[in-house]
Amino acid sequence: MSALPEAVRALAEADFASVAQRFESAGFAVAQPASGVLTVKAATPDAGRPSVLVSVGVHGDETGPIEMVAWLVEALSRTPEALAVDLMLCVGNIDAIRLAKRFVDADLNRMFRAERGALAGTFEAGRADVLIDVTRAFFEGSGPQRWHLDLHTAIRPSHYPMFAIVPELIADRARESLIAWMGEAGIQAIIMNPASAGTYSYFTSEHLGAAGTTVELGRVGTLGQNDLSQFADAAKALERLLRGQPAGEAKAAPHVFATARSIMKLSDAFSMRVGRETWNFTPMKRGEVIALDGDTVYTVEHDEELVVFPNPDVRVGLRAGIMVVRIH
């Protein structure tokens, strides 16, 4: 990674030395409680101060948010007094980033749950345990304003390139603030998620009272070669949030979708009728077969449902896709 700009290299390698020093010199309480994790808090605890967790690199090949956040945090650290929140910065799967792979053994973003089955002994299971502990410690004692923005990029093209997954269990007022922020960030579609699939953002929402979301910012790209212009609205909205500035104007209200069902891979006999080239939010009509798994047949039950994250190659027991219906 030596050819990368220094700010990008540092974040991709979770080298927080320079950034941490600037915040510490400005009087913040700075800590690195685990590899890949930096916390920056007000020297005197303040329950009225929002607590914001920003995570990137939970999948090692999703590099665009790493670059976006690297430049944002670098700039903020040079005017550290402008930081208006208690911040936790998390680089999720450092080892996978180093290998330029999605994961080492298994998908880290399915590990934030108690039951892991056959995945319990994987590298990512251990990493998730570390992140669960430090995340719980970060939010412990925080005030009611708790955010978790888990920033990703999608493997496949999407009819809505910028979209997000939001747990339904988030309290109404916090969810409204989160959705308003996403409109400002240029997020075009929101999927309301009724149940955990073991994701980091669902864990923080369910167990730690955060307004958590998994945000998909365009397509997977090569570290150092991402087109950062596609992240301009998201970067501006995130910078505004961290600096405590008034909310900007939303580009447009995101379309909102409900989850009709999750497509679970029950056995090795599983097959999908949609191809690997299928775009996210591709519509399907009532009665169409989505997937087959032995005697289980998944079909479209509404007049129209849209398929998101179709992936027949996941391990048995994991979600192979989501079917959604538009509600707003």
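The first residue in the sequence is number 1, and the count goes up from there.
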Heavy-atom donor-acceptor pair, [X] side chain to [Y] backbone, under 3.5 Å:
{"X": "S25", "Y": "R22", "value": "no"}
{"X": "E124", "Y": "D105", "value": "yes"}
{"X": "Q245", "Y": "L241", "value": "no"}
{"X": "K101", "Y": "D95", "value": "no"}
{"X": "K265", "Y": "V314", "value": "yes"}
{"X": "R326", "Y": "H328", "value": "yes"}
{"X": "E67", "Y": "G64", "value": "no"}
{"X": "S158", "Y": "Y160", "value": "yes"}
{"X": "T282", "Y": "T278", "value": "no"}
{"X": "R49", "Y": "V85", "value": "yes"}

[X], [atom1]: over 12 other non-hydrogen atoms inside 6.0 angstrom:
{"X": "E81", "atom1": "CD", "value": "yes"}
{"X": "R273", "atom1": "CZ", "value": "no"}
{"X": "D313", "atom1": "CG", "value": "yes"}

Shortest non-hydrogen separation from [X] to [Y] and the atoms involved:
{"X": "E168", "Y": "P194", "result": "OE1-CB, 3.6 Å"}
{"X": "V289", "Y": "M284", "result": "O-CE, 3.7 Å"}
{"X": "A12", "Y": "L223", "result": "CB-CD2, 3.7 Å"}
{"X": "H152", "Y": "V58", "result": "CE1-CB, 3.9 Å"}
{"X": "R127", "Y": "V91", "result": "NH2-O, 3.0 Å"}
{"X": "L38", "Y": "A20", "result": "CD1-CB, 3.9 Å"}

- Message: Hydrogens and angles aside, do N193 and T259 bring a side-chain donor and acceptor to less than 3.5 Å of each other?
- Response: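 Absent: no donor and acceptor within the cut-off.
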- Query: Using a distance-only test with no angle check, is there a side-chain donor-acceptor pair under 3.5 angstrom linking Y200 and T135?
  - Reply: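 Yes, side-chain donor-acceptor contact under 3.5 Å.
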- Task: Take K285 and D303 through the test salt bridge (charged side-chain N to carboxylate O under 4.0 Å, His left out) and record every step on the way to the result.
- Result: CA-CA 6 Å; K285 299 301 181 184; D303 288 341; over 6 Å; no
Do [X] and [Y] sit in the same hydrophobic cluster, where Ile, Leu, Val, Met, Phe, Trp and Tyr count as joined when their side-chain heavy atoms come under 4.5 Å apart?
{"X": "V104", "Y": "I94", "result": "no"}
{"X": "I179", "Y": "V54", "result": "yes"}
{"X": "W147", "Y": "V69", "result": "yes"}
{"X": "Y298", "Y": "I191", "result": "no"}
{"X": "I155", "Y": "F231", "result": "no"}

About how many Å separate [atom2] of [Y] and [atom1] of [X], when rounded to the nearest 0.5 Å?
{"X": "L208", "Y": "E206", "atom1": "CG", "atom2": "CD", "answer": "10.0 Å"}
{"X": "S196", "Y": "L169", "atom1": "OG", "atom2": "CG", "answer": "9.0 Å"}
{"X": "D61", "Y": "I97", "atom1": "CG", "atom2": "CD1", "answer": "9.5 Å"}

Is there a side-chain contact between [X] and [Y] (heavy atoms, below 4.5 Å)?
{"X": "V134", "Y": "M88", "answer": "yes"}
{"X": "I187", "Y": "L217", "answer": "yes"}
{"X": "F16", "Y": "L89", "answer": "yes"}
{"X": "L306", "Y": "M323", "answer": "no"}
{"X": "W71", "Y": "V8", "answer": "yes"}
{"X": "P310", "Y": "M272", "answer": "yes"}
{"X": "L266", "Y": "V316", "answer": "no"}
{"X": "M182", "Y": "V166", "answer": "yes"}

- ring-ring contact (aromatic ring centres under 6.0 Å, His included) between F257 and F281, worked out: CA-CA 10 Å; F257 296 83; F281 295 96; 5.3 Å; yes
- Step through it carefully: locate the ring centre of F203, locate the ring centre of H148, and say whether they are under 6.0 Å apart.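 Centroid distance F203-H148: not below 6.0 Å, so no.
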- Task: Apply side-chain contact (heavy atoms from CB on, under 4.5 Å) to the pair F123 and L108, showing each step before the final yes or no.
- Result: CA-CA 9 Å; F123 171 83; L108 175 60; over 6 Å; no
Presence of salt bridge, [Y] and [X], under 4.0 angstrom:
{"X": "D15", "Y": "R9", "value": "yes"}
{"X": "R136", "Y": "E140", "value": "no"}
{"X": "E305", "Y": "R261", "value": "yes"}
{"X": "R116", "Y": "D129", "value": "yes"}

- Message: If you apply the rule side chain to side chain donor-acceptor pair (under 3.5 Å), what do you find for T213 with S201, and how did you get there?
- Response: CA-CA 5 Å; T213 179; S201 64; 5.8 Å; no
- Task: May I have the step-by-step check of salt bridge (charged side-chain N to carboxylate O under 4.0 Å, His left out) for R175 and D172, ending in yes or no?
- Result: CA-CA 5 Å; R175 185 170 65 243; D172 290 348; 2.9 Å; yes
- Please report the C-alpha distance between K236 and L238 in whole Å, then the side-chain angles of each, then the deciding distance to 0.1 Å, and finally whether the side-chain contact (heavy atoms from CB on, under 4.5 Å) criterion is met. CA-CA 5 Å; K236 185 176 179 180; L238 180 55; over 6 Å; no
- Item | Test side chain to side chain donor-acceptor pair (under 3.5 Å) applied to T199 and N109, step by step | CA-CA 5 Å; T199 64; N109 215 29; 5.0 Å; no
- Candidate pair V40 and L83, rule side-chain contact (heavy atoms from CB on, under 4.5 Å), full reasoning: CA-CA 9 Å; V40 182; L83 180 65; 3.6 Å; yes
- Message: Evaluate H59 against F103 for ring-ring contact (aromatic ring centres under 6.0 Å, His included), listing each step before the verdict.
- Response: CA-CA 6 Å; H59 294 133; F103 47 75; 7.7 Å; no
- Item | Reference residue V56; test side-chain contact (heavy atoms from CB on, under 4.5 Å); the match among T63, L151, T153, N93 |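 The option that passes is L151.
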- Message: Does R98 form a salt bridge (charged side-chain N to carboxylate O under 4.0 Å, His left out) with E13? I'd like the steps, not just the answer.
- Response: CA-CA 8 Å; R98 189 177 298 120; E13 295 181 353; over 6 Å; no
- Task: Let me see the working for V37 and L131 under side-chain contact (heavy atoms from CB on, under 4.5 Å), right down to the final yes or no.
- Result: CA-CA 8 Å; V37 178; L131 296 183; 4.0 Å; yes
- Task: Mind telling me whether W279 and H159 have parallel, tilted or perpendicular rings, with 30° and 60° as the class edges?
- Result: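 Judged by the thresholds at 30° and 60°, the geometry between H159 and W279 is tilted.
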